[in-house]
Amino acid sequence: MKDKTETEQTAKATPKGEVFVWITGMGLAIGLLMIFALLWVVLKNGIVVFWPSSVAQIELREDRDSTFRGGTTAAGVILEEYDRDVRDLTEEQLESPDQRDRRQIRFFSGNRDAYGQAFAYLMLGDIAEKTYPPEIVRAERMEWGDAIFFPLRLELADGTQIDAEDPDFRKRLRELVDEVRDRRQVINRIERREIGRINLEMRSIEQDLRYLGGMEERTEAQEREWERLTHRLEELRGDFAPLEARAQELRATNRENRLHFRLVTGEERSHHLGEIVNFYYPNDMSLVAKVGLFFFHIWEFLSGYPREANTEGGIFPAIFGTFVMTLLMSVAVTPFGVLAAIYLREYARQGPMVRAVRIAINNLAGVPSIVFGVFGLGFFILFVGNWVDVLFYPRSVETNTPMFGTGGILWASLTLALMTVPVVIVATEEALAAVSRGVREGSLACGASKWQTIQNLVLPASLPGILTGLILAMARGAGEVAPLMLVGVVALAPNLPLDTVFPFFHLERKFMHLGFHIYDLGFQSPDSEAAQPMVFATTLVLILLVILLNLGAILIRNHIRKKYAASAF
Amino acid sequence: MNPEQNHSTNTGNRQAATSRQEVSQQQIQVEAKDLGERASYDPHYIRIRNYDFFYGATQVLFDINMDLPERQVTALIGPSGCGKSTLLRNLNRMNDLIDGIRHNGDVLIDGESIYHPQLEVISLRKRVGMVFQKSNPFPKSIYENVIYSLRVAGGRRKSQLDEAVERSLKRAALWDEVKDRLHESAFSLSGGQMQRLCIARAIANDPEIILMDEPCSALDPIATGKIEDLIHELKENYTIVIVTHNMQQAARVSDRTAFFYLGKLIEYGETQQIFMNPKNNQTEAYVSGRFG
Ligand SMILES: Nc1ncnc2c1ncn2[C@@H]1O[C@H](COP(=O)(O)OP(=O)(O)O)[C@@H](O)[C@H]1O
Ligand SMILES: [Mg+2]
């Protein structure tokens, strides 16, 4: 009895002939699979940058001629192990009964300054043994990437030496490195904020002086201005010098202590501590400590400024640039798109003309983005920007240092806004069309004008739909790289587009962008192998940022939907 | 009748109508009694003259001539598609929204043509309120729904708005049910309440005429009964034109009834006469339920 009802139920759940359930379901499954595969690849490759992996010491077999940098000992973080391409194998390796003779490992040996390369390959079969010595150190440095070594001794400014075997060694090293870090922060503050501000003002004064100096004759007022500016320039130079001196002094202090160490090849080297950003004993760490360091690395990555042609350090300016640019784009695209859609849907006489405009708009959405970049360069920068300079910053034209007549975050945002405006128009039109006739007529019957009806009832009811359009626009705009390269993105921007210097928003400034950062790391960096994990990590951040921005818009939309929830009937 | 003379009478009436709004409801009732029944009200308040109407190339109304009396209920009946709604929606020019419409003839309200070039549609619609077949409250609070017409006319004084809400909801017989939740969403009301809210909304800025297009077709009998009672009350103050499919309803609520068929006005007269003693065969067939 029970069995029977059960079979009946299953039969009901999958009615015969419903093959489309499977086909549509499969479509969805494939889509999801691809998304998860993408996330997985990015996650897996991006995360390794931050995890403090153990460092293996590798002894090579004496009876083989395989070597590492001239010796038989290597050390590094083993990244992968794989079957080597058959075409690259020797006769012997091919014929060897041992499978391991055909497998290869890739590992990060660090010490690019000493080895010439930070990555190395070894045949698995050539390895005699792998050990994980607890006293091995991995150090992050200002230059040349990470170093992997056995510490020997600390040589302090006063001449005292602390041996690596000394029980106090690790503690002392940690203290000294922390002090160095604190001092470096002070230097950064001085250079980025104070010297930066003075520099900006000096540049602008120099520009004015160049302008005034290039004149044949000067009026009295201009003469007075010249006086005032030269005086101010002197003043700034006066301010500048002690700051510069202070930074130099701190730098010198950082260079006082030295760390001597031995590479796994036997070579002895040393660094002054100013070179070292951080260090840890990867083989002598608890899991908790590793997790802590992992998150610390992530934090440094998100909040720090880039070093070494962007391959090291953080990506904060790029995150910030992407964020600000996307927001500016949204602010620009929404009113334009919404107004255009209102005109098209509510006011324009529906006819062949409007249909043609609509087709044109839809086609605009399919135009390659680089075309918009070219347009942005031609229209916004060379035309509008030039005129802005001519009208408001005549001196910048005179001295050939354009303000708005060159790429900047404003023009980039507007270019992207132009690119994404069709998305907003289409979504808004749909939302407007969905507002019921009953509500419109009810409003008109109350003596409301058309605009009052739109403003009081139609627009609020369409807001969720408009936001959907904006979400789509942001998703497209935030990930775009090609057009930006023409209108203001740079690999390394000296200043953020938003800071504490009046007028705070510097819309004319060039900016960094995650998408371009990825391109720069992947294609332009001198050591592409070292940059590869950073490419993935940055990609991960870009994805997260886009998701975050969208999530924000979605939350706002849901809030509004709830408010107008019952209007759906 | 001499049109000049006619016009001056109407102007007089118009002034009476304006001052009427200022006196209280009780006074009006007294006045109505004093004047003896409704005889004093203008029997030609709305005049429809030789009216043809076209949607594009299709003509849907043919040479309509009828006069609707002031402060009485006129019912428009007839089979589906005969043009009742079209005629009703032309009285406040709601059909203006549709592309390609055209008309001949004229409609005069209180002696003024609704198509007069100097007349703004908005001011016409302030004088002619409308209640729709499908109740269409706005996605706003009950309070905001009622005073919508005042808001769009620029009304801001709180006391004035509060007063209008209370008065309109009382007239729409909804006040007692909603007075404690005026700031809740209008969608929290039942179907019948929503329709009464729409009526309250239509009378909030004191129009002269209320148009109702099958206002009860989506309601249950109890809610329908309430609306019918309401119509009865409202005709003290407003001229009402109602389209209905329901013969009993027309008989119950209206003073005069017009029967339409295929875009033509077939018969028009006192409700009692139309139902009890129709002159036209088609009318008789329709009201006795033999077709339609
Ligand atoms: N917007 C419109 N465009 C074209 N024809 C219409 C439109 N609205 C109504 N009609 C036509 O006009 C005729 C009268 O319609 P309507 O006034 O709604 O009839 P009723 O309300 O009496 O059922 C019908 O034949 C209908 O198809
Ligand atoms: Mg109808």
Side-chain angles (χ1 to χ4, degrees), chain A residues 342-358 429 431-468 556-569, chain B residues 88-89 91-100 120-141 144-155 184-189 191 194 197-198 200-207 209-213 218:
Chain A
I342 288 178
Y343 182 78
L344 274 180
R345 173 63 56 182
E346 306 284 332
Y347 286 105
R349 245 184 104 86
Q350 305 298 314
M353 185 65 197
V354 166
R355 262 205 304 283
V357 169
R358 227 173 247 144
E429 269 213 78
L432 293 174
V435 176
S436 78
R437 210 187 139 109
V439 167
R440 290 163 192 271
E441 289 190 342
S443 167
L444 293 172
C446 284
S449 67
K450 188 156 190 170
W451 173 244
Q452 284 175 323
T453 304
I454 292 173
Q455 186 193 356
N456 290 322
L457 294 166
V458 177
L459 270 187
S462 329
L463 224 51
I466 293 173
L467 279 173
T468 304
I556 297 173
R557 182 179 65 184
N558 288 353
H559 180 72
I560 293 168
R561 264 212 192 122
K562 221 177 272 159
K563 226 164 115 189
Y564 294 97
S567 65
F569 73 87
Chain B
L88 191 79
R89 289 165 55 85
L91 295 182
N92 68 347
R93 293 183 54 183
M94 197 50 94
N95 274 339
D96 284 14
L97 302 179
I98 297 161
D99 278 338
E120 265 191 86
V121 187
I122 290 177
S123 65
L124 171 71
R125 291 192 186 136
K126 280 179 187 153
R127 286 171 62 194
V128 185
M130 189 166 202
V131 177
F132 297 81
Q133 174 171 7
K134 210 174 138 211
S135 66
N136 53 356
F138 304 142
K140 292 169 179 283
S141 68
E144 285 296 327
N145 260 280
V146 176
I147 56 159
Y148 185 77
S149 57
L150 302 181
R151 277 242 195 268
V152 295
E184 277 176 35
S185 163
F187 296 117
S188 62
L189 299 174
M194 278 193 208
L197 179 66
C198 291
R201 189 174 71 193
I203 60 181
N205 64 343
D206 246 326
I209 300 168
I210 304 171
L211 309 174
M212 299 185 171
D213 193 349

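Lettering of chains follows the sequences in order, A, B, ..., and the numbering in each one begins at 1. Nothing here was measured: the structure is a model prediction, and the numbers come from that model.
When every heavy atom of B/D99 is checked against every heavy atom of A/R349, the shortest pair comes out as OD1-NH1, 4.3 Å.
Heavy atoms of B/L150 lying under 4.5 Å from chain A are absent altogether. Looking at B/R93, there are no atoms closer than 4.5 Å to chain A (heavy atoms on both sides), in backbone or side chain. Using a 4.5 Å cut-off between heavy atoms, B/V131 does not touch chain A at all.
Contacts between residues 439-449 of chain A and chain B, defined by a heavy-atom separation under 4.5 Å, are made by A/V439, A/E441, A/G442, A/S443, A/L444, A/A445, A/C446, A/G447, A/A448, A/S449.
In this structure, the side-chain contact (heavy atoms from CB on, under 4.5 Å) partners of A/A348, at least two apart in sequence or on a different chain, are A/Y343, A/V354.
We find the OH-CG distance between B/Y148 and A/L457 to be 4.0 Å, quoted to the nearest 0.5 Å.
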